[in-house]
Amino acid sequence: PADVRILECEDFAVDESALRGKGAPAPKEGKTLPYNSGSDPLDCENLAFRGDIVVSGSALCLVVGVGENTLLANSAKAGYTGRPVYQYQA
């Protein structure tokens with residue numbers, strides 16, 4: 001499982017429901033997009049993420065993150081405090 005930048009693709013689409021909750025396939029493109037530090041990586045048409053499921057096509061990709069260095073892992077860590085807080089502790 002990895003986050004990838006799509007370099008080339010043909011009729012490539014992924015199911016992004018693990019990160020977005022959307023079940024409709026999202027078409028992807030293998031093109032260079034201008035860098036925008038304020039943009040949401042989920043909106044980039046040339047990125048696919050750990051948890052995405054390929055539903056059609058093929059692609060040549062460059063791995064940009066694996067394991068705990070993926071968007072899905074970082075999203076999970078952001079919501080995890082390490083210990084559950086019980087009502088009597090609050």
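Treat the numbers as computed from the prediction; the structure is a model and nothing was measured.
When the salt bridge (Lys or Arg N to Asp or Glu O under 4.0 Å) test is applied to Asp11, no partner is found at least two apart in sequence or on another chain. For the side chain to side chain contact (heavy atoms under 4.5 Å, CB included) test, residues two or more places apart in sequence or in another chain that qualify with Pro41 are Leu47, Phe49. Remark: Asp15 pairs with Ser17 by the side-chain hydrogen bond (donor to acceptor under 3.5 Å, both in side chains) rule, at least two apart or across chains. By the side-chain hydrogen bond (donor to acceptor under 3.5 Å, both in side chains) test, Glu29 is found to be paired with Lys31, residues two or more places apart in sequence or in another chain being considered.
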- request: Take Val14 and Val55 through the test side chain to side chain contact (heavy atoms under 4.5 Å, CB included) and record every step on the way to the result.
  value: CA-CA 5 Å; Val14 298; Val55 294; 5.7 Å; no

| request: Evaluate the side chain to side chain contact (heavy atoms under 4.5 Å, CB included) criterion for residues Leu72 and Asp3: first the C-alpha distance (whole Å), next the side-chain angles of each, then the deciding distance (0.1 Å), finally the verdict. | output: CA-CA 9 Å; Leu72 183 63; Asp3 290 350; 5.8 Å; no

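Residue Gly67 comes nearest to Ala73 through the heavy atom pair O-CB, 3.5 Å, listed as atom of the first residue, atom of the second, then distance. Minimum interatomic distance between Gly65 and Thr70 (heavy atoms only, all atoms of both residues): O-CG2, 3.5 Å. Across all their heavy atoms, Ala18 and Gly51 have their closest contact at CB-O, 3.6 Å. The two residues Pro25 and Ala13 have their closest heavy-atom pair at CB-CB, 4.2 Å.
A distance of 10.5 Å separates CZ in Arg5 from CG in Leu60, rounded to the nearest 0.5 Å.
Within the structure, side chain to side chain donor-acceptor pair (under 3.5 Å) contacts touching residues 41-61 (residues at least two apart or in different chains) are Arg20-Asp43.
Summarising the hydrophobic clusters (Ile, Leu, Val, Met, Phe, Trp, Tyr; side-chain heavy atoms under 4.5 Å, direct or chained), the residues clustered with Val4 are Val63, Val66.
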